[in-house]
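Input: one structure, supplied below.
Throughout, a chain's letter reflects where its sequence line sits, starting with A, and its residues are numbered from 1. No experiment lies behind these values; they were computed from the predicted model shown.
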Amino acid sequence: MNENHMPKIVDENNIGEYIRAVSTILEDQRATDIELLHVAKLTTMADYFIICSGNSVTHIRALSEAVEHELETKFGLRPHHIEGYSAANWILMDYGFLVVHIFHRETRQFYSLSRLWNDPGQENQAEGKQGEEI
Amino acid sequence: MRRGKHEAGNQHVNKPASVPEKREETRYVPQPKPAKQKKRRRGCLVVLITLLILLIMVVVAGFIYWETYVKPPVSKNNDNANGTTVIGGYDPENSDQTDMPDPEDGDSESDFEEAVKNQGESIEIAGSERKDECFTLLVVGLDESERLTDTIIVATFNVHDKTVAVLNVPRDTLSSYNGGSIHKINSAYGSGGIERSITEIQNVIGFEIDRYVIITYDAFKELIDEIGGIDIYVPQDMYKNTGDMIIDLKEGQQTLDGEHALMYMRYRGYANADLARIEAQQSFYQAVIEKIARPATLLNLPGLASVVMENVETDLSVGEMIWIGVNYISMDTDTMVYNTLPNTPRYINEISYVIPNERQILELVNTYYNPYVEEITSLKLTPVPQETSKEENNTDEDETPEAGVEPDVVEDPNDGDIEYPDEGQDDDDDIFWIGSGGEDLSIVEETGDENLDSEGTFIE
């Protein structure tokens with residue numbers, strides 16, 4: 001996978017556009033339980049988390065590839081890291097300002113990351129809904 | 001006129017006037033006791049008083065002991081609440097100086113400089129103030145050789161919430177010591193004892209370990225037998241020849257003795273390896289806690305204690321062990337969190353390792369295991385060498401040969417086929433698309449996957 005690529009410098013004015021693009025592609029690819037969390041005040045490692053679920057190993061990998069393809073072709077963005085691709089129970093895509101977590105729907109219950117990050121800053125959560133205007 | 005005593009109605013006996021009767025006064029005159037009886041009573045009194053004093057002394061001593069020694073393990077960094085913690089790297093104050101090249105011994109200064117450089121930077125966790133009432137414990141299980149740590153478990157106890165989070169570190173985790181040659185983390189114990197194991201484990205988890213427990217296979221079996229076995233549901237038939245043990249268990253609810261409990265814990269051949277193994281081990285820990293908490297087991301504490309003292313090596317004090325036992329035996333096992341260190345299986349020089357996934361580990365650690373007030377932002381992971389032959393796509397990383405051990409026959413659960421989606425059969429909406437409708441097959445070629453739907457038809 002495309003790991004350890006130097007990412008293009010993120011245009012902070014376009015962060016909302018990036019996030020909307022990711023949310024849209026995940027929805028198009030039938031990801032479920034898509035959550036957008038604003039975690040800037042809770043962690044130094046990212047400003048936003050997008051968490052979603054896939055139904056199978058192949059689906060999860062497909063979601064990861066779709067996000068990577070979308071951000072690279074539209075905005076020239078590449079991830080710092082992609083972790084967990086081979087096992088594909090939990091794929092983490094690190095774009096610096098944004099981390100995309102793609103879980104197998106069963107695995108997501110084990111990790112429950114949103115439990116920690118479930119702050120009032122959480123933007124929305126619902127199956128397949130897009131994020132609010134940022 | 002004197003009336004006679006015998007007037008009508010008067011029942012008194014008529015007596016002739018005579019000398020009035022002399023009443024004899026009776027009074028109690030204590031009789032002197034025999035000397036022997038006196039002595040016996042005094043003796044009883046002395047004994048009673050002595051016993052009472054002894055009882056009071058025991059109660060007071062027990063109270064003092066309880067208040068003084070029975071308490072949670074104190075984190076090592078509590079004396080340095082506002083300082084920094086060194087995780088990994090070379091700490092001159094605490095390292096064995098004999099490990100370092102010494103110019104006075106004939107080693108060149110360049111060797112010295114090289115060694116210092118190779119030991120890398122220490123991770124200073126800025127403001128690594130510890131959370132109150134939070135401590136960490138390492139439990140390692142040694143294999144038959146007692147040189148390899150077959151099981152590595154790190155637990156974070158939150159005393160305030162009475163919660164425990166357990167993290168399983170795979171034995172094949174890529175590691176190195178002070179920048180030296182790479183090896184699997186399970187071999188650190190055989191090279192440098194528990195201290196080296198702790199150092200390398202701390203590198204991959206990002207926080208310090210306060211206490212450790214070392215247990216052997218034999219001790220594990222004896223402990224399970226001592227509590228009368230474990231009542232558990234075995235989720236599937238289990239059969240495997242590990243080389244030093246033949247695992248043979250049947251599916252179903254049953255009581256496992258020590259020998260069979262060890263089989264259960266060592267089995268790795270689940271269909272959905274990660275999730276099923278996590279569930280199975282979580283069920284085991286819950287079953288152990290439930291069994292220990294039973295009154296019949298508690299009555300056998302002396303036997304348990306004997307087995308523990310003979311077979312377990314630990315730096316927990318007796319008071320700390322008692323404290324853990326008292327406080328956590330009755331905890332709700334449903335609140336226990338159990339995870340495996342996120343990793344990617346990979347072959348390096350034809351040897352199978354698992355590579356820690358740093359970001360995923362940091363997410364998990366900061367969510368469940370971090371004993372510090374501030375979040376942990378980096379780990380000291382061993383860099384993956386460039387000479388990687390292939391990436392292992394088998395999620396069951398433990399079914400691979402260890403270095404120096406004759407490899408078992410590795411069963412590929414996929415048997416070389418692409419893993420087809422199975423959950424989609426039940427959901428008409430579970431139609432997924434490889435790529436966002438694009439034609440970028442380079443991604444597919446890199447990964448080796450094929451664009452196949454559930455029926456094996458190529459999807460563009």
Side-chain angles (χ1 to χ4, degrees), chain A residues 1-4 21 24-26 28-32 42-46 49 54-70 72-74 79-94 99 101 104-107 109-117, chain B residues 272-275 278-279 282 337-340 342-346 354-364 366-368 374-375 377-378 391-395 397 418-424 426-427 429-438 440 443-444 446-447 449 451-454 459:
Chain A
M1 275 309 290
N2 296 321
E3 296 190 10
N4 300 321
T24 302
I25 195 65
L26 287 174
D28 290 345
Q29 299 297 321
R30 306 302 181 108
T32 57
L42 302 177
T43 178
T44 58
M45 292 193 283
F49 281 3
N55 295 319
S56 66
V57 168
T58 310
H59 187 202
I60 292 167
R61 288 180 181 152
L63 292 172
S64 169
E65 291 163 10
V67 169
E68 188 181 5
H69 179 78
E70 183 77 359
E72 184 166 355
T73 55
K74 278 191 176 177
H80 291 270
H81 297 98
I82 296 180
E83 294 178 352
Y85 184 86
S86 62
N89 278 315
W90 171 21
I91 295 179
L92 183 153
M93 306 178 71
D94 180 7
V99 175
H101 297 279
H104 189 287
R105 60 185 177 189
E106 294 179 7
T107 307
Q109 299 173 21
F110 275 105
Y111 292 115
S112 297
L113 291 185
S114 57
R115 189 190 83 162
L116 174 68
W117 308 110
Chain B
N272 184 356
D274 287 346
L275 290 179
I278 290 172
E279 284 183 6
Q282 197 165 7
V337 171
Y338 185 86
N339 288 302
T340 295
N343 63 82
T344 300
R346 184 165 296 181
V354 297
I355 313 302
N357 295 338
E358 183 172 15
R359 280 305 309 272
Q360 290 180 333
I361 293 170
L362 289 172
E363 293 290 348
L364 269 187
N366 285 317
T367 303
Y368 296 113
E374 299 207 5
E375 65 179 0
T377 57
S378 62
E391 179 170 346
E392 170 60 53
N393 206 30
N394 184 355
T395 59
E397 78 279 1
I418 301 297
E419 182 177 344
Y420 294 114
D422 47 6
E423 295 85 349
D426 299 326
D427 185 0
D429 292 330
D430 186 29
I431 302 170
F432 47 91
W433 308 84
I434 306 293
S436 54
D440 189 1
I443 296 176
V444 172
E446 274 184 38
T447 63
D449 275 344
N451 288 344
L452 296 173
D453 65 7
S454 60
I459 299 174

Heavy atoms of B:Thr344 and A:Gly84 approach each other most closely as OG1-N, 4.1 Å

Only residue of B:Asn343, B:Asn357, B:Ile361 satisfying side chain to side chain contact (heavy atoms under 4.5 Å, CB included) with A:Glu83 is B:Asn357

Sorted by chain and residue number, the side-chain contact (heavy atoms from CB on, under 4.5 Å) partners of B:Thr377 (sequence neighbours excluded) come out as A:Thr44, B:Glu375

Highest number of heavy-atom pairs under 4.5 Å with chain B among A:Asp94, A:Val99, A:Thr73 belongs to A:Asp94

**OP:** Measure the shortest side-chain to side-chain distance between B:Arg359 and A:His80 over non-hydrogen atoms and say whether it is less than 4.5 angstrom.
**Re:** no

When the 4.5 angstrom heavy-atom criterion is applied to A:Val67 and chain B, the contacting part is neither

Smallest heavy-atom separation, A:Trp90 atom then B:Gln360 atom, equals O-NE2, 2.6 Å

So, the part of A:Leu26 with a heavy atom under 4.5 Å from chain B: the answer is neither

